[in-house]
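Below is one structure; the comments refer to it alone.
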Protein chains: 2
Amino acid sequence: MREVMKKMDIEMKLRGFEDRCRHNGLKVTPQRTAVYKALIGTDTHPTAEKVCKIVRQDISSISLDTVNRTLLTLAEIGAAFQVEGTGQPRRFDGGLEDHQHFRCIKCGKIVDFHYEPFDNIEIPVHLQGQFQIMRKTVYLEGICQTCSATTSS
Amino acid sequence: MREVMKKMDIEMKLRGFEDRCRHNGLKVTPQRTAVYKALIGTDTHPTAEKVCKIVRQDISSISLDTVNRTLLTLAEIGAAFQVEGTGQPRRFDGGLEDHQHFRCIKCGKIVDFHYEPFDNIEIPVHLQGQFQIMRKTVYLEGICQTCSATTSS
DNA sequence: TACTATATAGGGCTTACTCTTATATTCTTA
DNA sequence: TAAGAATATAAGAGTAAGCCCTATATAGTA
Ligand SMILES: [Mn+2]
Ligand SMILES: [Mn+2]
Ligand SMILES: [Zn+2]
Ligand SMILES: [Zn+2]
């Protein structure tokens, strides 16, 4: 059943996260775990503010600063990353598998997508010599269907 | 001779820019022209602040707000774009030909590069139906040589 | 259980950017 | 070419994200 699988998946990720913290000399705190859980529980590439709101359902006293700090920490230890893009409030992604993003320049929505040729692009050797590459992604920008429909009045 | 070609190229771009302004019902002001010129005169993906400094060599009284506003205007009329990436101060690019970016997460440097297979990626049909795509780029993130050298102490 | 190192909450601070308004400039049309 | 209408600019105040500081709290450990 789907739900059961999902729960197992989350449990596994949480276990991995705790290990990752320990390996990096970081304490496993309820706040950290909750932020991580909130992040992997959505595919909306949320802002710190948004994550904070979610986490406060469990830990009502968590501060926005802690959420911010924690999200940066997650990125540092490789448990998440900051989404590329151009918006003001920084956005995060807990999806570590290779995938691509489309961003709507009207509403700011960021949509995940997969496409074999993009997921599997190979970095050419001359660049590998020049840079130590840690992330690669195909980034598309434009207008989503909702916004297209709304605008054309 | 290189210099002469460069000058002709700039002249052509400026002419095109003025046309683009008029077609969009925008007045051609010294400030706008200067901001545009500054932007196409660099490949460093500058911030508004940086552009402002450059422009002030010509127009010492230009305000940072005008530079900001103008850069956004350039993006709106398609004479430039905001660079994807994750940094705080927004950065701009006047290079409209297909090209890709590498961004160093240590020093924030953004480097242009070309690679045929990346420059020519085709957007799959199922995405074209879903989104109106206005820009595509391969975005790489990592650590540049300078920062690699510095860090490994 | 007690100790040490690290994390958090809260609040103030900084900085990039946006908004407002009075003045200046472009562009049009007579 | 002069005058008028529409738009742009400069300056400064306002806003919001996120960073920094410090006293208190908590996790890991012995
Ligand atoms: Mn994603
Ligand atoms: Mn570029
Ligand atoms: Zn949209
Ligand atoms: Zn670097």
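Remember, predicted model here, so these are calculated numbers, not experimental data. Residue numbers start from 1 in every chain, and the chains themselves are labelled A, B, ... in the order their sequence lines are given, proteins ahead of strands.
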When the ring planes of Phe81(A) and His99(A) are compared, do they come out parallel, tilted or perpendicular, using 30° and 60° as the limits? tilted
Is Gln31(B) close enough to dA10(D) that one of its side-chain N or O atoms is under 4.0 Å from OP1 or OP2 there? yes
Decide yes or no on ring pair (Phe, Tyr, Trp, His ring centres under 6.0 Å) for Tyr139(B) and Tyr139(A), but give the supporting numbers first. CA-CA 7 Å; Tyr139(B) 173 71; Tyr139(A) 173 71; 7.4 Å; no
Positional range of nucleotides in DNA chain C within the contact set of chain A, heavy-atom, under 4.0 Å: dA5(C) to dC17(C)
Do Glu18(B) and Arg22(B) pass the salt bridge (charged side-chain N to carboxylate O under 4.0 Å, His left out) test, and can you show the C-alpha distance, the side-chain angles, and the key distance before you say yes or no? CA-CA 6 Å; Glu18(B) 293 181 5; Arg22(B) 292 201 192 91; 3.8 Å; yes
Residues in contact with DNA chain D, drawn from residues 81-91 of chain B - heavy-atom cutoff 4.0 Å: Gln88(B)
By a strict heavy-atom criterion of less than 4.0 Å, which residues belonging to residues 50-78 of chain B are in contact with DNA chain D? Ser61(B), Ile62(B), Ser63(B), Asp65(B), Thr66(B), Arg69(B)
Mapping Lys27(A) and Thr29(B) onto DNA chain C by nearest heavy atom, which one lands closer to the 5' end? Lys27(A)
Please pick, from dT9(D), dA6(D), dA27(D), the nucleotide with the shortest atom-to-atom distance to any side-chain atom of Arg32(B). dT9(D)
Please give me the minimum heavy-atom distance between [X] and [Y], naming the atom from each residue.
X: Ser63(A); Y: Arg56(A); value: CA-NH2, 3.9 Å
X: Cys104(B); Y: Cys107(B); value: SG-N, 3.5 Å
X: Gln132(B); Y: Ser148(A); value: OE1-OG, 3.3 Å

Counting heavy atoms not belonging to Glu97(A), are there more than 12 under 6.0 Å from its CD? yes
Is the backbone of Ile77(B) close enough, under 3.5 Å, to the side chain of Arg20(B) for a donor and an acceptor to pair up by distance? yes
Report yes or no: does Arg91(B) contribute a side-chain atom to a donor-acceptor pair with the main-chain N or O of His45(B) at less than 3.5 Å? yes
Taking the six-membered ring for Trp, are the ring centroids of Phe102(A) and Phe131(B) within less than 6.0 Å of each other? yes
